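Right, one structure below, let's go through it.
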Number of protein chains: 2
Amino acid sequence: MRIGELARAAGVKAETIRYYEREGVLASPPRTQANYRDYGPEHARRLNFIRRARDLGFSMTRIRELLELADDRSRACHAVDTLARAHLGEVNRKIADLEALRRELRRMLENCEQGTVGTCLVIEALAEGTEA
Amino acid sequence: MRIGELARAAGVKAETIRYYEREGVLASPPRTQANYRDYGPEHARRLNFIRRARDLGFSMTRIRELLELADDRSRACHAVDTLARAHLGEVNRKIADLEALRRELRRMLENCEQGTVGTCLVIEALAEGTEA
DNA sequence: TATACACCTTGTAGTCGCTACAAGGTCAAG
DNA sequence: CTTGACCTTGTAGCGACTACAAGGTGTATA
Ligand SMILES: [Zn+2]
Ligand SMILES: [Zn+2]
Ligand SMILES: [Zn+2]
Ligand SMILES: [Zn+2]
């Protein structure tokens, strides 16, 4: 299977696949006579794993760790779950941060009385910085 | 006021201030005899505005627009509010995305039974991709 | 006066996870 | 024999900084 086909199957661009290879998360496949990359189902599985983890917001660094752990199928899965739980914690923090932002933006917008910039409380809130 | 003092006052690094100047959102201040940047309270206000908008998640591009609008104090504030409302929409979308992520991560973690990697449902969920 | 030290200057390169070229090689169909 | 789709490598760009390196300036102290 050539890179384009794999890319279509996984829903990524060919360049992304080459990037994963450069980064060392996806093994270099054998080459055809024409020097084209020649992927098998194992590569496809690996790529799926990577994409899924990326879609869940794991960083490349974390994915490298996940892959290393996942490769030893007899190991206790505790370390894997710890990584996932740490990531969940990060997601929770991001959500909390964004919710704080949202509250402030809403407060700003509620106070606007459709006047001029000189009296706009949105501008004022930005300028003064009431520090949520 | 020199760059270090302004940086401390605004809670940013001096390099960030120079970056804002390069990017054209903060005016170039006059220089002292020693060629040091010499900031006044107007610069401090401007920098505060920028930082506050950044902390609220506005992009530099949006901030450039906000600053341009804010500079004409007699203009109707409608455009300002429209920008802020658009940003609120983006924040809402980000929160929704992260909440979907969180649900999936939680589901994965709930199913783990502390066995080996070979039977770990966290790994399996990553590998198979049940597409939330 | 020497010198140590904190601060400033410019310019360049690194971060992350791709994405977009450019310039060229390979292969099958028309 | 050429067109067109695909592949190759290498390099540069995105956003918003951050981290140097190499050197200039200003002040306090020995
Ligand atoms: Zn308004
Ligand atoms: Zn307003
Ligand atoms: Zn486990
Ligand atoms: Zn498990």
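Naming: A, B, ... by sequence-line order, numbering from 1 per chain. Owing to the predicted nature of the structure, the values given are computational and were not obtained by experimental measurement.
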Query raised in the report: Less than 3.5 Å between a donor and an acceptor, one on the side chain of Tyr36(A) and one on the base of dG25(C), is that the case here?
Result: yes

Query raised in the report: For the side chain of Glu15(A) and the base of dC21(C), is some donor closer than 3.5 Å to an acceptor across the two?
Result: yes

Report task. Dump the intermediate steps for side chain to side chain contact (heavy atoms under 4.5 Å, CB included) on Leu67(A) and Ile50(A), then the final yes or no. Result -> CA-CA 8 Å; Leu67(A) 285 169; Ile50(A) 296 166; 4.1 Å; yes

Salt-bridge contact [X]-[Y] (side-chain N to carboxylate O under 4.0 Å):
X	Y	value
Glu5(A)	Arg8(A)	no
Arg51(A)	Asp55(A)	yes
Arg45(A)	Glu42(A)	yes

d([atom1], [X]; [atom2], [N]) in whole Å:
X	N	atom1	atom2	result
Met60(A)	dC18(C)	CE	P	6 Å
Glu23(B)	dC14(D)	CD	P	10 Å
Ile63(A)	dC18(C)	CD1	C1'	12 Å
Leu6(B)	dC7(C)	CG	P	15 Å
Ile17(B)	dA16(D)	CD1	P	17 Å
Asn35(A)	dG24(C)	CG	P	17 Å
Tyr39(B)	dT9(C)	OH	C1'	12 Å
Tyr19(A)	dA20(C)	OH	P	15 Å

Report task. Answer with base, sugar-phosphate or nothing: what part of the nucleic acid does Tyr20(B) contact at a heavy-atom distance below 4.0 Å? Result -> sugar-phosphate

Query raised in the report: When all nucleic acid strands are considered with a 4.0 Å heavy-atom cut-off, which category describes Arg18(B): base, sugar-phosphate, or nothing?
Result: base

Does [X] place a side-chain N or O at less than 4.0 Å from the phosphate oxygens OP1/OP2 of [N]?
X	N	result
Arg51(A)	dC18(C)	yes
Ser59(B)	dG15(D)	no
Thr61(B)	dG15(D)	no
Arg37(B)	dC7(C)	no
Arg54(B)	dC17(D)	yes

Query raised in the report: Taking for each residue the nucleotide of DNA chain C with the nearest heavy atom, is it Arg22(B) or Ala14(B) whose nucleotide lies nearer the 5' end?
Result: Ala14(B)

Query raised in the report: Is it true that atom CD of Glu68(B) has more than 12 heavy atoms of other residues, nucleotides or ligands lying nearer than 6.0 Å?
Result: no

Report summary line: Note: for Ile3(A) and Lys13(B) on DNA chain D, the residue whose nearest nucleotide lies more 5' is Ile3(A)

**Report entry** Full working for side chain to side chain contact (heavy atoms under 4.5 Å, CB included) between Arg37(B) and Arg31(B)
**Finding:** CA-CA 5 Å; Arg37(B) 286 172 179 81; Arg31(B) 300 292 184 117; 3.3 Å; yes

**Report entry** Residue Arg2(B), side-chain heavy atoms: nucleotide from dA20(C), dC7(C), dC18(C) that is nearest
**Finding:** dC7(C)

Requested in this report: Look at the side chain of Arg31(B) and decide which nucleotide, out of dG17(C), dA16(D), dT10(C), has an atom nearest to it.
Outcome: dT10(C)

